[in-house]
Amino acid sequence: MAKILFTSFIYIVMKIENQYSPVFGAKLINNHVNVGKLQQGATRYCNSEVSFVEIEPDNVNDIKALKNCSEYWSYAKFSDNIYHAACAARNESKYYENNKVYALTSQTDSFEKLDDDKILGLVHVSPIEQNSLFIEHLQVKPDIIFVNKPEYKGVGTGILDSLKELTNKITLFPTKDKSVRDFYERNGFFEFPPGSNIFTWVKEIFPSF
């Protein structure tokens, strides 16, 4: 009888561990995203490759990294929204079905344990039609935005370029700030209809000659 009880106890423990242990982490999408990095002792930026990863909402390390970004990224407008979107996806909310969160990070390996100190930017997207994405929120690390000589530059563009590799069309409603609208226009987005604040990027299917 004691042997049966012991065996049952081991089975229950193993079942719990298998159910709640994080067996995977952030999924690497692209580790050749080019951004500018300020070299130590230099005044110019050089090309540097960083990684674009997909957050796995069921992984406790990924959620913890997003939570830390939400709590410690001072003056970030959207890090809270992105963190809560990942939590909603983890909880299988019907309102976040097929939503995804991605991170641009200077981390180069061990993505099963995402280091929030190395996250440069985050983006939350949702599907709106076949092979088309809607950007819900995009947030660059405030330390990069609000200093004169940040360690990295081009992070927002790096995120957009990475998304462009995943889909044929991207749509968003940017804030009314002129600098934000100019940023998306520089990255190939156009407002249509005029005055609608609907910005769209469409992949060129046929190459220009």
Side-chain angles (χ1 to χ4, degrees), residues 9-35 48-128 131-145 151-152 155-167 170 172:
F9 172 76
I10 293 297
Y11 171 76
I12 292 171
V13 170
M14 290 179 64
K15 185 175 181 180
I16 292 174
E17 289 180 344
N18 288 336
Q19 184 174 357
Y20 293 103
S21 295
V23 293
F24 48 80
K27 182 170 68 175
L28 178 64
I29 303 297
N30 183 5
N31 60 353
H32 298 292
V33 183
N34 281 313
V35 297
S48 177
E49 290 187 342
V50 295
S51 305
F52 188 68
V53 299
E54 179 183 338
I55 297 297
E56 294 284 1
D58 291 326
N59 182 268
V60 293
N61 291 318
D62 286 12
I63 292 295
K64 182 179 179 181
L66 293 186
K67 182 179 180 181
N68 288 340
C69 292
S70 171
E71 292 181 351
Y72 300 118
W73 281 13
S74 301
Y75 306 109
K77 292 182 178 180
F78 303 122
S79 56
D80 281 349
N81 303 76
I82 295 172
Y83 164 60
H84 289 299
C87 290
R90 176 196 60 189
N91 296 330
E92 298 182 350
S93 167
K94 64 180 181 179
Y95 301 108
Y96 288 83
E97 186 177 359
N98 297 321
N99 282 222
K100 294 183 182 295
V101 173
Y102 298 95
L104 196 70
T105 173
S106 59
Q107 190 170 336
T108 58
D109 55 20
S110 303
F111 297 112
E112 69 278 2
K113 191 169 185 179
L114 199 59
D115 185 348
D116 55 277
D117 286 335
K118 295 184 178 181
I119 294 177
L120 307 176
L122 298 166
V123 63
H124 165 213
V125 299
S126 60
I128 51 176
N131 211 8
S132 178
L133 296 176
F134 182 85
I135 294 180
E136 302 282 355
H137 297 100
L138 190 155
Q139 178 67 60
V140 174
K141 188 175 183 179
D143 289 352
I144 295 173
I145 301 174
E151 183 180 4
Y152 291 92
V155 171
T157 295
I159 291 174
L160 292 180
D161 287 345
S162 300
L163 290 177
K164 289 173 182 178
E165 295 296 321
L166 302 178
T167 187
I170 304 173
L172 72 148

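Computed over heavy atoms, backbone and side chain alike; hydrogens, waters and symmetry mates excluded.
Between Ile170 atom CD1 and Ser132 atom OG the span is 8.5 Å, to the nearest 0.5 Å. Atoms CG and CG, on Asn98 and Leu133 in that order, are 11.0 Å from each other to the nearest 0.5 Å. The NZ atom of Lys77 sits 9.0 Å away from atom CD1 of Ile145, with the distance rounded to the nearest 0.5 Å. Put simply, CG on Asn34 and CG on Asp161 are 9.0 Å apart, with the number rounded to the nearest 0.5 Å. To the nearest 0.5 Å, atom NZ of residue Lys67 and atom CD1 of residue Ile63 are 10.5 Å apart.
Put simply, the side chain of Asn30 never gets that close to the backbone of Phe52: no donor and acceptor are under 3.5 Å apart. Under a 3.5 Å cut-off, the side chain of Thr167 and the backbone N or O of Asn131 do form a donor-acceptor pair. Remark: the backbone N or O of Ser51 is not paired with any side-chain donor or acceptor of Asn31 at under 3.5 angstrom.
In this structure, Tyr152 has no ring-ring contact (aromatic ring centres under 6.0 Å, His included) partners at least two apart in sequence or on a different chain. Glu151 meets the side-chain contact (heavy atoms from CB on, under 4.5 Å) test with Lys37; sequence neighbours excluded. By the salt bridge (charged side-chain N to carboxylate O under 4.0 Å, His left out) test, Glu54 is found to be paired with Lys27, Lys100, residues two or more places apart in sequence or in another chain being considered. Shown here are the side-chain hydrogen bond (donor to acceptor under 3.5 Å, both in side chains) partners of Glu49, two or more places apart in sequence or in another chain: His32.
The closest side-chain donor-acceptor pair between Glu136 and Ser126 falls under 3.5 angstrom.
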Contacts table for residues 81-93: side-chain donor-acceptor under 3.5 angstrom, sequence neighbours left out:
from  : atom 1 : to    : atom 2 : distance (Å)
Asn91 : ND2    : Cys87 : O      : 3.2
Ser93 : OG     : Tyr95 : N      : 3.2

Can you give each donor-acceptor pair under 3.5 Å made by side-chain atoms of residues 101-117, sequence neighbours left out, with the distance rounded to 0.1 Å?
from   : atom 1 : to     : atom 2 : distance (Å)
Thr105 : OG1    : Gln107 : N      : 2.9
Thr105 : OG1    : Lys118 : O      : 3.2
Ser106 : OG     : Lys118 : O      : 3.4
Gln107 : OE1    : Asp115 : N      : 2.8
Gln107 : NE2    : Asp109 : O      : 2.9
Gln107 : NE2    : Ser110 : O      : 3.0
Gln107 : NE2    : Lys113 : O      : 3.2
Asp115 : OD1    : Asp117 : N      : 3.0
Asp116 : OD1    : Asn68  : ND2    : 3.2

Quiz prompt | side-chain contact (heavy atoms from CB on, under 4.5 Å) between Leu163 and Val125, intermediate numbers included | solution = CA-CA 9 Å; Leu163 290 177; Val125 299; 4.1 Å; yes
Quiz item: Are Leu138 and Val140 close enough, and set up right, to give a side-chain contact (heavy atoms from CB on, under 4.5 Å), and what steps lead you there?
Solution: CA-CA 7 Å; Leu138 190 155; Val140 174; 4.1 Å; yes
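In this structure, the side chains of Leu120 and Ile144 come closer than 4.5 Å at one or more pairs of heavy atoms.
Here the shortest heavy-atom pairing between Asn99 and Pro127 reads ND2-CD, 4.1 Å. Taking all atoms of both residues into account, the shortest heavy-atom contact from Ala26 to Asp62 is N-OD2, 3.1 Å. Residues Leu122 and Cys69 share a closest heavy-atom pair of CD1-CB, 4.2 Å.
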